[in-house]
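Okay, structure first, notes after.
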Number of protein chains: 2
Amino acid sequence: MEKIKTSLEQLCINTIRTLSIDGVQKANSGHPGLPLDAAPMVYVLWTKYLKHNPKNPEWFDRDRFILSAGHGSMLLYSLLHLTGYEEMTLDQIKQFRQLGSLTAGHPERHIQTGIEITTGPLGQGFANGVGMAIAEAYLSATFNRPDFNMIDHYTYVLASDGDLMEGVVAEAASLAGHLKLGKLICLYDDNRITLSASTELTFSEDRAKRFEAYGWHTEVIDDGNDVAAIDKAIENAKNEKERPSIILIRTHLGYGSPHKHDTFDAHGNPLGEEEVKLTKQNLGWPVETPFYIPKEAADFFHQAIAAGKRKEEEWKHLFSEYEKKHPDLAKELRGMIKGELEQGWDALITTFPPLAKGLATRKAAGEVMQEISPKLTGLIGGSADLNPSTFTDLKNFGNFENPSKAEGDLQGSVGGPWNYAGRNIFYGVREHAMGSISNGIAGHGGLIPFTATFLTFSDYMRPPIRLAALMRLQVIFVFTHDSIGLGEDGPTHQPIEHLAALRAIPHLIVIRPGDANEAAWAWRVAIMTRSAPLALIFSRQNVPTLDRSQYASADGLKKGAYILKDAPDGKPNLILMASGSELSLIVEAYEKLKDKASVRLVSFPSWELFEAQSQEYRDSVFPPSVLARLAVEAGVSQGWEKYIGELGCMISVEDFGASAPGTVIMKERGFTVDNVCEKALKILKKDYP
Amino acid sequence: MEKIKTSLEQLCINTIRTLSIDGVQKANSGHPGLPLDAAPMVYVLWTKYLKHNPKNPEWFDRDRFILSAGHGSMLLYSLLHLTGYEEMTLDQIKQFRQLGSLTAGHPERHIQTGIEITTGPLGQGFANGVGMAIAEAYLSATFNRPDFNMIDHYTYVLASDGDLMEGVVAEAASLAGHLKLGKLICLYDDNRITLSASTELTFSEDRAKRFEAYGWHTEVIDDGNDVAAIDKAIENAKNEKERPSIILIRTHLGYGSPHKHDTFDAHGNPLGEEEVKLTKQNLGWPVETPFYIPKEAADFFHQAIAAGKRKEEEWKHLFSEYEKKHPDLAKELRGMIKGELEQGWDALITTFPPLAKGLATRKAAGEVMQEISPKLTGLIGGSADLNPSTFTDLKNFGNFENPSKAEGDLQGSVGGPWNYAGRNIFYGVREHAMGSISNGIAGHGGLIPFTATFLTFSDYMRPPIRLAALMRLQVIFVFTHDSIGLGEDGPTHQPIEHLAALRAIPHLIVIRPGDANEAAWAWRVAIMTRSAPLALIFSRQNVPTLDRSQYASADGLKKGAYILKDAPDGKPNLILMASGSELSLIVEAYEKLKDKASVRLVSFPSWELFEAQSQEYRDSVFPPSVLARLAVEAGVSQGWEKYIGELGCMISVEDFGASAPGTVIMKERGFTVDNVCEKALKILKKDYP
C-alpha cells in the first residue's frame with residue numbers, strides 16, 4: 001500500500017462507496033449501509049491480496065471471495081466492475097435489482113461474472129467458505145507435489161453480525177477450527193447494527209473469545225477506516241498456517257451518511273436522493289454525476305487485469321511442467337476441473353442377486369459407494385455423526401483431517417490416509433453446516449460432495465438444500481431411515497412429511513429406490529447429474545431384492561417411474577404404484593390379485609425424473625384410460641393426487657408415527673399386503689371404465 | 001447429601017443405571033451409554049435440588065427438567081418411576097419403545113407423567129430450556145410482588161456433546177447469556193463419544209471458553225462420579241443470579257460396562273445380554289433379577305413424594321394469601337395457568353374499511369396485534385431481527401431484557417418496560433433458536449408465544465415447527481414476505497415451495513389470509529386454537545381490502561375456504577379459488593368473466609381448517625359436479641390437485657423467482673387478471689358437464 005498516495009486510496013474507497021449507493025438509489029431498493037462501511041476492508045483485500053483474473057473469472061486456482069452478508073451485494077458488484085470483470089458492466093450496475101440483470105438483490109452464483117456463490121440467507125456464505133477451504137485443502141493434498149503447488153489459494157469471507165448470530169456459522173466455525181483450515185480468512189464487518197436493532201439488544205457475546213474457543217486466530221481492528229491496520233491483519237492471517245483467521249473490524253454502518261450513519265435505517269433502505277447527495281458532499285464527491293468513477297481510481301483498480309493475467313499465465317506454465325512430470329495426476333486434475341467423470345467410473349458396480357429376506361437400501365447404497373469411490377477422486381463427503389447407521393463411509397479413503405492429528409486409535413476412523421487427502425469428512429452433529437459446507441465444496445469446483453443423515457433431519461438442512469437447488473449445484477444429499485419403518489426411535493425420528501417437503505423444492509431431484517438394484521441406479525443417476533442436487537432416500541429396514549429376471553430391469557429408475565411388471569395381456573385395469581420400501585408390498589399384492597384383476601405394477605422412485613420424460617412415455621406408464629390406481633408410500637399423500645387421479649386411492653401416513661418396532665408400526669398404519677389388496681379391490685369395485 | 005451413607009448413594013445411582021440398561025435390553029433397542037454415565041449427576045439433581053411433586057406433575061411452580069439428550073430417555077423414565085410418578089409404572093418401563101407405551105424411544109411431552117417436552121432431535125431441548133427460563137422470568141416479573149414469589153423456579157437441562165455441536169444451541173446459548181437468565185442451569189454430560197466417533201474427530205473446541213464468551217457461568221468437573229463436586233457445582237450455579245450456568249461434567253459413556261465403556265457402540269445399541277450381566281457384576285448388582293430395585297433405594301427416592309407434596313402445599317398456601325392481597329393479579333395468573341383466555345380479549349379488534357389501493361396483510365396483522373395485546377398478558381414474542389418488516393412489535397409492552405440493562409437510546413426498542421416484564425423478545429438473527437425457544441415458552445405453560453420472520457426463512461425453523469406440531473403446542477409462527485411478490489430481494493428471499501412444505505406437516509395449521517379482514521380473523525383463530533401450532537402467512541405488498549358489503553364476511557376464514565361471492569343464480573359452472581395476495585386477482589376476474597360464465601369465487605386461506613369441516617360443507621363449497629376450477633396461488637401447485645381436480649387448472653410458481661420489482665415479477669409469472677380470465681375461459685371451453 002505504501003506506494004499509493006493517501007488521496008488515491010481514499011478516492012478508490014469512496015468510488016466503491018458512491019457507486020454502491022448510487023446503484024441502490026437508482027433501484028430505490030437495497031442495502032447501502034454495508035458497502036459504505038466495508039469499502040476500506042475490501043479495497044485492501046481486492047487491490048493487494050486477492051488472486052484473481054478478471055479476464056478469466058473461471059481460473060481454477062483463483063482465491064475465492066464470498067460475500068456472506070449478501071444483502072451488501074452492491075459492494076461486490078462495484079468491486080467486480082471496477083477491477084475489470086467484463087460482464088459486470090456499468091449498465092448492469094444501473095440495472096441493479098431489475099428483471100434479467102446480473103445484479104440481483106442478493107448475489108447469485110455466476111462464475112463468469114465473478115460471483116462465486118449465491119448468498120443472502122445469513123450464515124450460508126460463511127459456511128460455504130469453510131467448504132471451499134476444505135475443497136482447496138483436499139485438492140492440494142491430493143494433487144500437489146514438490147515444486148508443484150497446482151492448487152494453492154485462499155478463501156476469503158466477508159461476514160456480518162447477522163452471519164455470526166446464525167447457528168450454521170457456529171457449527172461451521174467449530175469444524176473449521178477443528179480441521180485447522182489455515183487458508184480460510186474471514187473479515188467480520190463488526191458494525192453492530194442489524195436490520196432492526198443495535199446489537200446491544202441482541203448480541204453481546206464476546207465474539208473474539210468465542211472464535212478463539214473454536215481454535216481460530218483472531219485479529220481485532222478498532223477502526224474500520226484504518227487501511228494500514230487492515231492490511232497488516234490480512235498479512236498476519238495469511239501467515240497463520242495452522243488456524244483459520246477472523247479479523248474483527250469495527251465499522252460504522254452507513255459510514256459517511258450524515259443522518260443515517262450508525263442507524264438501522266441505513267441497513268436495508270436506500271438513503272434517499274437527498275441523503276445520497278449529503279453523503280457524497282461529506283465524502284468530497286461530485287453530487288451531480290451519479291455512477292461517477294474518477295479516472296485515477298479506475299486505472300488503479302484496473303491493475304488487477306494485468307496482475308491477474310500474469311498470475312494465471314504463471315500457473316498455466318507451471319501446469320504444463322506438471323503435466324510432463326506427473327502426467328497421470330495432471331490428466332486427472334484437468335478432467336476434474338472440467339467436470340468430466342473418469343472413464344469407467346461405474347464399471348465396478350455389481351448387480352445385487354435376488355434376496356427374498358431382503359437388504360436395506362441404505363446398506364446396498366453403501367456397497368455401491370465402495371464400488372464407485374476408487375475411480376471418483378472427486379467424491380468426498382460424510383455424515384453428521386451417523387456413519388454406523390447411514391453406511392456412507394468410503395472405507396478405504398481415510399479421514400479428512402489436519403495432518404497434525406496423530407494417527408492413533410481414535411474411534412470412528414476408516415482405512416486410508418489421515419490428512420487432508422482423506423475423503424471422509426466427520427461433520428459431527430452439525431447437519432446444517434454439513435449441507436452448507438457441501439454447497440461450498442461443490443461451488444469450489446472439481447468435486448462431488450455428498451452428505452448423510454436421517455431423513456427426518458433433512459429439516460435441519462433445508463436452507464442449504466434450497467440454495468443447492470437454486471444454484472444447480474451437484475450435491476448428493478443421502479437420507480436414510482426414511483419412514484415410520486425405522487421403528488423404535490419414534491415420531492421425532494420418523495419422517496412423515498419430508499418426502500413431500502423435499503419434492504416441493506424446484507430442481508431438487510428426489511429418488512427413493514425400491515430395492516438394492518434401484519439403489520445402485522440411484523447412485524448412478526446422482527453421479528451423472530452434473531447440474532442439480534439430489535436427495536437419495538434409503539430405508540433403514542430390509543426390503544427384498546427383486547429377481548429382475550421376473551421383473552423389469554432396475555435401470556428403469558432413470559425415468560423416474562417404470563412398469564415393473566405388467567398385466568399378462570398388457571391391458572391393465574388396475575395400476576399399483578409405490579416407492580421405496582413399499583415396493584415390495586405391491587409386488588406381493590400382484591400375486592394375490594392376479595386372478596381378480598389385470599394388474600400393472602409401477603415402481604415410482606422419483607417424481608422429478610418422471611416429469612422430465614416425454615408425455616408419450618408418461619402416458620405409456622399411466623394410460624389416461626386406467627383410472628383405478630393405488631399408490632403406496634409411507635409418507636403424506638400430498639402431491640400424489642397428480643398420479644392417482646381423483647378416482648384413485650392411496651395408502652399413506654397422514655399423522656405422526658409412534659415408537660414401536662418397525663414391523664409393528666408399519667402394520668398398524670396399514671402397510672400390509674392384505675390392506676393393499678383390500679384397497680385395490682375396493683377401487684376396482686367402483687367399476688371404472 | 002451428608003446424611004446419606006455412601007453405600008446408599010451408590011445403591012441409588014446404580015439403581016438408575018441398571019433399571020435403564022434393563023429397559024433398553026428388554027426392548028433390544030435404545031441407548032444405554034448415557035444413563036450409565038449420567039446417573040450420578042441426575043441422582044444429585046433429582047434427590048437434592050429438583051423442586052417437583054410426583055403426585056401432581058402439573059404443579060405450575062415446579063422446576064423444569066429437560067433431557068435434551070433425548071436418546072437417553074431410559075434415564076428419565078427411571079427417575080420418574082423411582083421418584084414416584086404414578087403413571088410411570090414399572091410395567092411402562094418394561095414396555096420401553098413398544099406401541100402405545102408412555103416410554104417412547106425419545107421422550108414425548110406428557111406432563112401428567114412428568115415429561116416436560118419432546119426431545120430427541122439434538123439441540124432442541126437445550127433451546128426449549130432457554131424458552132422455559134424466559135417464561136419463568138417473564139411470569140415472575142409480571143406476577144410476583146414483595147413477599148409473593150408466586151413464580152420462582154429453575155430450569156435444568158441435561159445436554160450432550162451432540163447438543164452442543166448443534167447450531168441451535170449456539171444461538172440459544174448466546175441469547176441466554178445476553179439475557180442473563182440466571183435460573184437456567186445446564187448439566188453437560190461431557191462423555192466425548194458420539195454415535196459414530198470420539199469427539200476428538202469432530203469437536204475439539206474449548207467448550208467452557210465458548211460458554212464464557214456467551215456470558216455464562218461455567219463449572220468444570222473432572223470426574224462424573226464425584227457426587228460431592230456435582231453437588232457443590234449445582235449449588236454454585238443456583239447461587240449465580242446474573243448468568244446462566246453450565247456445568248461441564250467429564251463422564252465416560254457406558255460407565256460400568258467392562259467392554260463397551262467409552263466406545264461409541266455403547267451410544268446407540270443395547271449392551272447385549274452378556275454385557276448387561278457383566279456390567280451388573282461390575283457394579284455389584286444381582287444379575288438374575290432384571291428391573292431390580294433395592295428397597296433402601298426405593299425408599300430414599302420416594303422421599304420426593306412427601307417433599308414435593310409439602311412444597312406444593314406451601315405454594316398453595318402462599319397463593320391463597322396472594323389472592324387476598326392481589327386479587328386481580330391472582331385471578332389473571334390463575335386463568336393463565338389454566339389456559340383460559342381473558343374475557344373480551346378480542347373486543348378491540350376493529351374492522352378494516354374497504355380500501356381499493358390496498359393494505360399489506362403484514363401491516364393489517366400488525367395492527368390487530370396492537371388491538372389484542374392489551375388483554376392477552378400471555379402473548380409474548382418477537383422476530384428474528386425483522387420487526388421493521390414483519391410489523392410484529394407489541395408497541396406498548398416493552399423489551400424483554402435483563403433489568404440491569406440501562407434504558408437508554410439504544411435502537412430497536414419499543415415503548416414500555418425494559419426488563420423481564422417486557423413482552424417483545426429481540427431474538428437477533430437466530431430463526432432456529434427463536435422457534436425452539438418458543439416451543440419452550442409454550443411448553444412451560446401460561447403463555448402464547450409468537451415468532452416472526454420472512455416465509456423463506458421458515459426453512460431455518462423447520463425442526464421446532466415440526467416439534468410444536470408433534471406436541472400440539474400453541475405457537476404462532478408469523479411469516480411475512482410470502483411470495484415472489486416481495487420483489488427485489490430476489491430468489492433467495494422469495495418463497496416458492498414453502499407453503500407446500502409447511503402444509504405437509506401434520507397438525508400445523510397454515511393460514512394465508514387474502515385481505516386485511518381475513519388477517520384479523522387469522523389472528524383470532526390463532527389465539528383460539530389452544531392445542532396446535534399455526535403458521536400465519538402475510539404479504540409484503542399491498543392487497544385491496546375488500547368491501548365486505550359486496551362479498552361474504554371474512555369470518556368465513558374460520559372454515560378454511562368459503563364462498564366469497566357466488567354466481568348470481570347460485571349455479572356456478574366455474575370456480576375460481578385463491579389464497580393470500582392472489583385473492584384480489586380472482587375478485588377482479590369475476591367482474592370480467594361474469595358475462596361469459598357463472599362464476600363462484602372461493603377464498604381459500606387454509607387447507608387444514610377446511611379439511612376439518614364436514615363433508616357436507618366441503619361439498620357445498622366445491623360441488624363435485626363443478627369440474628371447471630381454477631386455483632391461483634403464488635407458490636408450487638403441489639397438493640392443490642386435490643381441490644382443482646384433474647380437469648382443473650392452476651396458476652402457480654413452479655420455479656425459483658427473480659430479483660425485480662414485485663409487480664414486474666408477478667406479471668412476468670402470469671399473476672395478472674388477464675391471465676386468470678384467459679385460463680378460466682380455456683377451462684370452460686373444454687365444455688365440462
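Labels below follow one simple rule: chain letters A, B, ... track the order of the sequence lines, proteins then strands, and each chain is numbered from 1. These figures come from a predicted structure and were not determined experimentally.
- Aromatic ring orientation, B/His432 versus A/Tyr460: perpendicular (interplanar angle above 60°, classes split at 30° and 60°).
- Closest approach of A/Glu171 to B/Gly167, counting heavy atoms only: OE2-N, 2.6 Å.
- Proximity to chain B is limited to the backbone of A/Pro495, based on heavy atoms less than 4.5 angstrom apart.
- The shortest distance between side-chain heavy atoms of A/Arg430 and B/Thr202 falls below 4.5 Å.
- Annotation for B/Gln638 and A/Gln638: closest pair NE2-NE2, 3.2 Å, computed over non-hydrogen atoms.
- Two residues are said to be in side-chain contact when any heavy atoms from C-beta on lie closer than 4.5 Å; A/His498 and B/Arg462 fail this criterion.
- Counting only distance, with no hydrogens or angles, the side chain of A/His178 and the backbone of B/Glu205 share no donor-acceptor pair below 3.5 Å.
- Taking the side chain as every heavy atom from C-beta outward, B/His31 and A/Asp489 approach each other to under 4.5 Å.
- Interface remark: B/Arg207 contributes no atoms to any contact with chain A (heavy atom separation under 4.5 Å).
- Between chain B and the options A/Thr118, A/Asp459, A/Asp385, A/Asp206, the largest number of non-hydrogen pairs under 4.5 Å is found for A/Asp385.
- Between A/His507 and B/Phe656, the ring planes lie parallel to each other; the angle is under 30°, not in the 30° to 60° tilted range.
- Of the listed residues (A/Thr492, A/Leu499, A/Ile496), the one with the most heavy-atom contacts under 4.5 Å to chain B is A/Thr492.
- Neither the backbone nor the side chain of A/Leu502 comes within contact range of chain B; no heavy atom of the residue lies under 4.5 Å from a heavy atom of that chain.
- Looking at A/Ser73, there are no atoms closer than 4.5 Å to chain B (heavy atoms on both sides), in backbone or side chain.
- Only the side chain of A/Ala658 has a heavy atom closer than 4.5 Å to any heavy atom of chain B.
- Contact annotation for A/Glu401: only side-chain heavy atoms (C-beta onward) come within less than 4.5 Å of a heavy atom of chain B.
- A/Gln95 does not touch chain B: none of its heavy atoms, backbone or side chain, sits under 4.5 Å away.
- Using a 4.5 Å cut-off between heavy atoms, A/Ser29 contacts chain B through its side chain alone, with no backbone atom that close.
- A heavy-atom distance below 4.5 Å is not found between the side chains of A/Arg97 and B/Pro661.
- Side chains of A/Pro491 and B/His106 form no contact here, defined as non-hydrogen atoms less than 4.5 Å apart.
- For a residue to count as touching a neighbouring chain, one of its non-hydrogen atoms must lie under 4.5 Å from one of that chain's; by this rule A/Ala384 does not touch chain B.
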